[in-house]
There are 2 protein chains.
Amino acid sequence: MPDANDRLTYRDIKADIMARIQNRRWGPDQVLPAEVELAASYGCARATVNRALTELTDEGILERRRKAGTRVRAAPLRAARFEIPIVRRQIEEAGAVYDYRLISRAECRADAEPRLGGVFAAGEPLLHLHCLHLADDRPFQFENRFISLAALPQARDAAFDHLGPNEWLVSAVPYSEVEVSFLALGAEAPVTTQLGVEPGQALFCMERTTWWEGRTLTNVRLFHLPGYRMTTRY
Amino acid sequence: MPDANDRLTYRDIKADIMARIQNRRWGPDQVLPAEVELAASYGCARATVNRALTELTDEGILERRRKAGTRVRAAPLRAARFEIPIVRRQIEEAGAVYDYRLISRAECRADAEPRLGGVFAAGEPLLHLHCLHLADDRPFQFENRFISLAALPQARDAAFDHLGPNEWLVSAVPYSEVEVSFLALGAEAPVTTQLGVEPGQALFCMERTTWWEGRTLTNVRLFHLPGYRMTTRY
DNA sequence: GAGTGGTCTAGACCACCCT
DNA sequence: GGGTGGTCTAGACCACTCA
């Protein structure tokens, strides 16, 4: 019995269904009434119920199969959504002054580091950049980036001394396919000197690889200061 | 020009719009035609276009405001979805045999560790558990958990020697509110001995705090082996 | 004020897949 | 075979917010 005389929205229905699940009126693995029945009992159109149920399914609370019906997931399949921050915006939103420095810029081949073997085509020419992102003049994030010169030859003409490679890439090739990983790495040179941390210190690292039409464009490892964490609620 | 004579689905329309954005036919910050016009040009109902545009907005590609219309986000707001794994299922899906061991079980107060101050109510009685999750008899994940005995007194009666606390909690209080963090921590005792790693070794850690009706139920830190990473694509 | 997206309705057809 | 969810349609009203 959710609302009063007013018409129900799909949000009301979502909330009501969620409440029934939390109250155990609809327990784990239990099959819910069919959409038509729910629509009748809520006094609304089937499409409205459908939207509520579809969203709860996307959120991992329900499980739906044609003919089998809708049931409450016994172990809710929880998925956390993390916004992938753009470092400049991240720093500025924290009220600090963003600054950027290019530390080094060199060309190399894809076999320079063993881990690049699985990322780029063998022997492909790469641009290798080390960059530092600062918040209020203090190191905030160290960037170790490789850009494929085979896929993006125009990167050779970009200096990257004032515009960071991320912002350059977003304007050159937005909306590409991306793989993101979070991992923990012990600090090694040159991260240690740039971030001012001890060797071996545990650092939170975000690694990102970007493709465009099947070709690897860039791979980057972003190293954060000790204590950094990514957080979300659900 | 997406399909042939067949009726268009909202997926076709999504794909077509995405393609136009990638081809720069609709560049960054450009305003798209209104829903009614798109519907006319695709030869379908407005609701179908609406669903496509709504999903692209949720995915961070578009930005919509009433009256202002729909525009292409200049810097696509990317959000990555990570499934929060249940360790037993994670191990079994990798084709390994799951095993669980309770390492220690003790009662303490919320001031036992300084970091618990911000999580539990001051001085609250807690159950402190150390657990090990194994894959094929090898350590896979170390669990350092605190459970509020004020909020969950029935935890006192659970032995946790065969059923892990996560599975116990899921059956006791499913569908609660959760905050998840990913962070990097240097290994310390007792993690070092349980996972068999050197002190200071960088470990990927997932921390999770769970509430129910405003009270903190549990806080857990899950430590993974070196090299562990969480990955997703978008 | 007026144009846009947000949502609901009532009806329909179909694909899937359980029994 | 038949019941279920997935999707589309055509129309409608409303809330927001820009100019």
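By convention in this document, chain letters (A, B, ...) are assigned in the order of the sequence lines, proteins followed by strands, and residues within each chain are numbered from 1.
- Nucleic acid contact for A:Arg51: sugar-phosphate only, since backbone atoms but no base atoms lie under 4.0 Å from a heavy atom of the residue.
- The base of C:dG6 has none of its N or O atoms less than 3.5 Å from a complementary donor or acceptor on the side chain of A:Arg11.
- Rounded to whole Å, atom P of C:dG6 lies 6 Å from atom CD of B:Glu35.
- Looking at A:Arg46, its side chain comes within 3.5 Å of the base of D:dT7 through a donor and an acceptor atom.
- Across all strands shown, A:Ala47 has heavy atoms under 4.0 Å from base atoms, whether or not it also approaches the sugar-phosphate.
- Residue B:Arg64 places at least one side-chain N or O under 4.0 Å from the OP1 or OP2 atom of C:dG6.
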Show me the donor-acceptor pairs within less than 3.5 Å that the side chains of residues 64-76 of chain B make with the rest of the protein, sequence neighbours left out.
{"unit_1": "B:Arg64", "atom_1": "NE", "unit_2": "B:Thr70", "atom_2": "OG1", "d": "3.0"}
{"unit_1": "B:Arg64", "atom_1": "NH1", "unit_2": "B:Glu35", "atom_2": "OE2", "d": "3.1"}
{"unit_1": "B:Arg64", "atom_1": "NH2", "unit_2": "B:Glu35", "atom_2": "OE2", "d": "2.7"}
{"unit_1": "B:Arg64", "atom_1": "NH2", "unit_2": "B:Thr70", "atom_2": "OG1", "d": "3.2"}
{"unit_1": "B:Arg71", "atom_1": "NH1", "unit_2": "B:Asp29", "atom_2": "O", "d": "3.1"}

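- Residues satisfying the salt bridge (charged side-chain N to carboxylate O under 4.0 Å, His left out) test with B:Glu63, not counting sequence neighbours, are none.
- For the 3.5 Å distance criterion, the side chains of B:Ser181 and B:Glu207 fail to qualify, holding no donor opposite an acceptor.
- Residue B:Asp58 contributes atom CG, which lies 15 Å from atom P of C:dG5 at whole-angstrom precision.
- Side-chain N/O atoms of B:Thr48 include one lying less than 4.0 angstrom from OP1 or OP2 on D:dT9.
- Atom CD in B:Glu63 sits roughly 13 Å away from atom P in C:dG5 (whole-Å rounding).
- Of the side-chain N and O atoms in A:Tyr10, none sit less than 4.0 angstrom from OP1 or OP2 of C:dC8.
- Residues B:Tyr100 and B:His162 bring no donor and acceptor atom of their side chains to less than 3.5 Å of each other.
- Where A:Gly69 and A:Asn50 meet DNA chain D, the nucleotide closest to each residue was compared, and A:Gly69 sits on the side nearer the 5' end.
- When atom types are taken as modelled, the side chain of B:Thr216 and the backbone of B:Thr218 share no donor-acceptor pair closer than 3.5 angstrom.
- With no hydrogens or angles considered, no side-chain donor-acceptor pair links A:Asn166 and A:Arg88 at under 3.5 Å.
- Using a cutoff of 4.0 Å between basic side-chain nitrogens and carboxylate oxygens, A:Glu177 and B:Arg233 are scored as salt-bridged.
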Quick test: give all pairs of protein nitrogen or oxygen and nucleotides 17-19 of chain C nitrogen or oxygen below 3.5 Å, distance rounded to 0.1 Å.
{"unit_1": "C:dC18", "atom_1": "OP1", "unit_2": "A:Arg65", "atom_2": "NE", "d": "3.1"}

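- Between the OH atom of B:Tyr42 and the P atom of D:dT7 there is a distance of 18 Å, given to the nearest Å.
- Counting to the nearest Å, the P atom of D:dG6 and the CD1 atom of B:Ile13 are 19 Å from each other.
- Regarding A:Asp12, its CG atom lies at a distance of 18 Å from the P atom of C:dG6, rounded to whole Å.
- At the phosphate of D:dG5, neither OP1 nor OP2 sits under 4.0 Å from any side-chain N or O atom of A:Thr54.
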